[in-house]
Amino acid sequence: MTTTDTRLESGTSDLYLSMYRDMVRSRVLSDRMFALNRQGRAAFAVTGQGHEAAQVGSAYALTAGADWVLPYYRDVGVLVALGMKPYDILLGLFAKAGDPTSGGRQMPCHWSWPEMRVVTRSSVIAANLPHAAGIAYASKLLGRGEVTIVYFGEGATSEGDFHEAVNFAAIHQLPVVFFCENNGYAISESQEKQMAILHVADRARGYGIEGQTVDGNDALTVLQTTRWVIEECRRGLGPKLIEAKTYRYAPHTSSDDDRRYRTRAELEEWTRKDPIDRLRNRLLADGVLTPDADGAIRAAAQREIDEAVEAAERAPDPPDDDAFRYVFAEDA
Amino acid sequence: MTTTDTRLESGTSDLYLSMYRDMVRSRVLSDRMFALNRQGRAAFAVTGQGHEAAQVGSAYALTAGADWVLPYYRDVGVLVALGMKPYDILLGLFAKAGDPTSGGRQMPCHWSWPEMRVVTRSSVIAANLPHAAGIAYASKLLGRGEVTIVYFGEGATSEGDFHEAVNFAAIHQLPVVFFCENNGYAISESQEKQMAILHVADRARGYGIEGQTVDGNDALTVLQTTRWVIEECRRGLGPKLIEAKTYRYAPHTSSDDDRRYRTRAELEEWTRKDPIDRLRNRLLADGVLTPDADGAIRAAAQREIDEAVEAAERAPDPPDDDAFRYVFAEDA
Amino acid sequence: MALKTYIEAIRDALIEEMDRAPNMLVLGEDIQEGGVFRATDGMLERFGPQRVLDTPLAESSIVGVSIGMATNGCLPVAELQFADFAYPAFNQLISEAARWRYRSYNGWGCPMVVRIPYGAGIRGAMYHSQSIEAMLAHVPGLKVVMPSTPYDAKGMLKAAIRDPDPVIYLEHKRAYRMLKEELPDGDYTVPIGPARLRREGDDITVISYGLMAHECLQAAEELAAEGIDATVLDLRTLAPLDRDAIVAAARRTGKALIVHEDNLTGGFGGEIAAIIAEHAFDDLDAPVRRLATPDVPAMPFNGALEDFLLPSREKIADAMRDLAAY
Amino acid sequence: MALKTYIEAIRDALIEEMDRAPNMLVLGEDIQEGGVFRATDGMLERFGPQRVLDTPLAESSIVGVSIGMATNGCLPVAELQFADFAYPAFNQLISEAARWRYRSYNGWGCPMVVRIPYGAGIRGAMYHSQSIEAMLAHVPGLKVVMPSTPYDAKGMLKAAIRDPDPVIYLEHKRAYRMLKEELPDGDYTVPIGPARLRREGDDITVISYGLMAHECLQAAEELAAEGIDATVLDLRTLAPLDRDAIVAAARRTGKALIVHEDNLTGGFGGEIAAIIAEHAFDDLDAPVRRLATPDVPAMPFNGALEDFLLPSREKIADAMRDLAAY
Ligand SMILES: Cc1ncc(C[n+]2csc(CCOP(=O)(O)OP(=O)(O)O)c2C)c(N)n1
Ligand SMILES: Cc1ncc(C[n+]2csc(CCOP(=O)(O)OP(=O)(O)O)c2C)c(N)n1
Ligand SMILES: [Mg+2]
Ligand SMILES: [Mg+2]
């Protein structure tokens, strides 16, 4: 496991502050989505509390709008980092007409965002890994310099589609990053029920590509590793597998009761490694952040989400006939 | 790649002679099946010329009737070694009523043979790998000492089912041998179109199990390696992947024209490594076989196949109504 | 007798059969903690982790290893977490399980059950709402059952487990806690195959299966108050199909409405309509009608849109009135 | 004009479209050496290995990477080597390609063609003979075409390649070299959707698609000599379905026979019969009949058994006589 001793280079403090802010916004938004479900105001919630360093750290390594992004349902932090407004994410939560990601059709957090090259995904685990490989093949064929990143959990690596996608990407040395957020559980199943290896990154060896395990709760390490890997991809050195070890603090989804399969002690232990606390402490120690500035960031995030919730909840539902649109292209 | 220097231990010469005989019988039978197709007497042929050392060598490591065997379409040698009569294989070639392996329903060489625990397979590549894992799980659950071996080509390792099966077997440390006959081609596609690694055995590393590459044209090495691996399986040490490097001398099937994708020089080179010649020379050198005895073995094989062809071709077709039988259990 | 929900009926069947057959096991994702719908709640403690098996997240191999287990003396009952995630297992279901016996000329059998929660109406959105019976009931070699009551759910699951061939057992998620019924204590089975006449009436015939059969029955009761007397046929099993019951029910009233939750075109309703159009032709007094979800790619998350698309008691009652008036 | 076989028509369409669109590529197993049926013969030399792409032996990813390519500006035309091996790709076809546009509310499109050789009659046995259209035509979001002539094969493949949505293109293996036709030189397309009346007659209507449409036409010619005059409707496209043409053809004669090679129960014939039974009811003079392969799990290798099971010109003619006499 790589834990880089990242010294803050001059000129990077704004960047790190921005990352920190997005991690906080992502956490506040995620907490709120869960709460809205618990209050009976949202039918379903799936969120990524605990994954913020992995998500925001990796997303900050991307060239937004140029690189292709295939997030999974837990990637609130990726979307926030890419610049999706909480309001838009909340329109999806409430399945409203204006939901730019699916028009209220998909479960929350199944994003599509063409402007940012965020590609639509289903709920079918691992099915989008071959899409990432295909997108990267097209980039190469058409001679474009962009890189594709696809996100998934460690459970997803059990699916045949994981294998076929990584194998295809390796054969053609495609510019694609397979980014695994390993939180140790697939719903209730702990990692050893999914694989007989300690590190998801070891899967890479069967394909002849490099795998790299990083501390997924350390945003700066994630950023640096992902940057390096993307750089290698861009230089045509082929696909890579990154495993970011982390933990989810919330139940799998609003339908799950994680007390059936995780001890509170384990959760407690990981809470002490909270990725947001960790980056905050680092920034405070380095003098990039002050307690006051931190308070302002948190208050602003709360305010932003409050306003977004209020507006999104009031947005109109789609009209009935909307259900028939876009089965096929309408101009065809 | 392991090439064991196998000294002939005392008491093993009968065994090796028997292996040699089965390799010859398998070759003669395979050649004949192809010829029958070329003569318009059989609608289709798929055979394993060149794979005899891998097939017969590994099959001789099994406890026939106790261990479970999931062969693939190329495994004429495995079936011959297990004791299936050429006549029965030929009934399948001609799709005759008495075909014990499928009642004339399956393509030739898609065997089922319950008495010998040879399990039915489809033509769908790699789909039977999960079956092998499931059989081995049952062996373990029911506390039986048997081992399962499943055969496939290197192309099959590209399928998702390969991944899911090996992963499942590794997680549960099941007594199953994944035996890959790597002949360098999947129909027309050479190995580098299927994987970015040199050795199929390297796939094992992604699952936390051992992989072993052997010279698949050396029957004695294959025998020894498979024996060792099966012994480990029986002792509960979990699944293994064996890769036997070999070459097929015939086209992929009777429908294929291998001159489109392989040079005659390459074929020529491999012909010099013929597994049957190799074992013959070894047995001659060790004095276990004499030229006369060899001649007798070959003549007997020719005679046996001649007679079997004649009898099988004359066997009756199934009656029309037979097509409706056994969609479901009939006693149900 | 005891009052049981649909899902309790399923759990009882599993536990009772596990008690009976030491070679039986249940397997799937999150099975040990009870399954996402809690069908296997408490089974880990009772039967241990070898027989209550958490599988990797890999549907093709869930079915594939089950086939292997069935081949080597076990009785696997696999769970696919949602019907929407059954497609990765389609090859194993169709190419393998369904053809296992036929292609080996009875050399091998595949006694296996695959339980699959299906259906919409729970705000499950596009990938937690689908119906997949039309595809599977089309495959010779598979048995497909879709019980609509707790009584049938328990009895048919037991029959499925004891069946020598692969059975796809489709259970509606919305039925799990919605449907309750007094069930007899102890062992009973409900045979795979025969449809069940759930109501007899001479004005029109409604044919359905799964949770929609329940909705049809409710609609029929509603219409009875208006003086329209309906026969309601609950198919219960789609494969093998009870053609005689279909033809007899259609003949009786000369007017048939078929209802299913799956989308219309190419849905299993087409088969039922075709059987009626061929074999009850002389007795038909009206066009054979179908009511189904319109042809859109699965349910939207938005609740209003889901309600708009999904057949319901009200929509069924309307279609019945319409047909009765023909 | 030039005389072309069915497979030459396909190859010509591929090559002409590759010439037109530099972002188009073909991919699949053994594509570079020409494909096992030689559909892509000579294309490697002309377009190079990046655009004539040999994939690993992995159907799910063949479709999966095609979806990705289509998303990023390419026009992939994938080949699945046999329809029998399409099941491993069903999840990608159904969960992904078909719902790509709908679930992203038109944010993303998936302009992709999947060519799939299907069908029996070539002694291909259980796993090189299957028909899979019923399952795919049931899926909203997929277009499914099954041309029955070289002319349509070429024109519809071009239309499919230019279509903005995923198109499943089912080509009958036995048609490849059996069917020949004079084709116009140069570019033309045949629209996806409209059925084609291949023969008009007032006694009975036969409705079919794919190679069976050809067999039906032959049978109809045979019967014309006996004084039975048939309408033959070739659907060509199953999704979106030309319902009006079906209803009109059935109405015209009041007697309809539906023929397909896929097995009967749950086959696409059910949908066609249901449409007729609902929308042509008042004009029907006879039961709606279906002729299809019996419900067994795919074709036996034994040639006599295959012939016994498979619908043929003779069996179609018999069924037509029977219906005409009703
Ligand atoms: C093909 C498929 N099977 C099952 C599910 C149900 N399911 C949803 S999430 C999940 C666990 C995923 O675990 P992992 O990949 O580790 O991601 P995590 O949720 O832990 O971030 C499962 C089994 C699904 N969505 N798709
Ligand atoms: C799922 C599937 N896809 C494609 C095919 C067609 N096919 C038959 S054999 C074969 C190549 C297999 O190659 P390999 O696994 O290396 O075995 P070999 O024939 O070389 O021994 C292919 C592509 C098939 N039978 N099943
Ligand atoms: Mg996880
Ligand atoms: Mg090979």
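Per chain, numbering begins at 1; letters A, B, ... match sequence-line order. Since the structure is predicted, the reported quantities are computational estimates derived from the model, not experimental observations. Because only heavy atoms are used, hydrogens play no part in the values below, and waters and symmetry mates are left out as well, while side chains stay in.
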For B:W270, side-chain hydrogen bond (donor to acceptor under 3.5 Å, both in side chains) partners two or more places apart: none
Heavy-atom pairs under 4.5 Å with chain B, option from D:L305, D:L309, D:I122 with the top count: D:L305
Contact class of B:I187 relative to chain D, heavy atoms under 4.5 angstrom: both
Whether over 12 other heavy atoms sit under 6.0 Å from B:E266 CD: yes
Selection from D:A298, D:P88, D:A125, D:G303 maximising heavy-atom pairs under 4.5 Å formed with chain B: D:A125
Contact class of B:A156 relative to chain D, heavy atoms under 4.5 angstrom: backbone
Where at least one partner belongs to residues 62-71 of chain D, residue pairs that pass salt bridge (charged side-chain N to carboxylate O under 4.0 Å, His left out), sequence neighbours excluded: none
Closest approach of D:L57 to B:G155 (non-hydrogen atoms, all atoms of both residues): CB-O, 3.5 Å
Residue among B:A97, B:A43, B:P108, B:G92 with most heavy-atom pairs under 4.5 Å to chain D: B:P108
Results of ring-ring contact (aromatic ring centres under 6.0 Å, His included) for D:F308 - residues two or more places apart only: B:F324
Can you list the donor-acceptor atom pairs spanning chain B and chain D that come in under 3.5 angstrom?
residue, atom, partner, partner atom, Å
B:A95, O, D:N302, ND2, 2.7
B:G104, O, D:F301, N, 3.3
B:G104, O, D:N302, N, 2.9
B:R105, O, D:F301, N, 2.8
B:S188, N, D:D30, OD1, 2.9
B:S188, OG, D:D30, OD1, 2.7
B:E189, OE2, D:D30, N, 2.8
B:K193, NZ, D:Q32, OE1, 2.9
B:K193, NZ, D:D54, OD2, 2.7
B:Q194, OE1, D:L57, N, 2.9
B:R260, NE, D:E33, OE1, 2.6
B:R260, NH2, D:E33, OE1, 3.0
B:D317, OD1, D:N302, ND2, 3.1

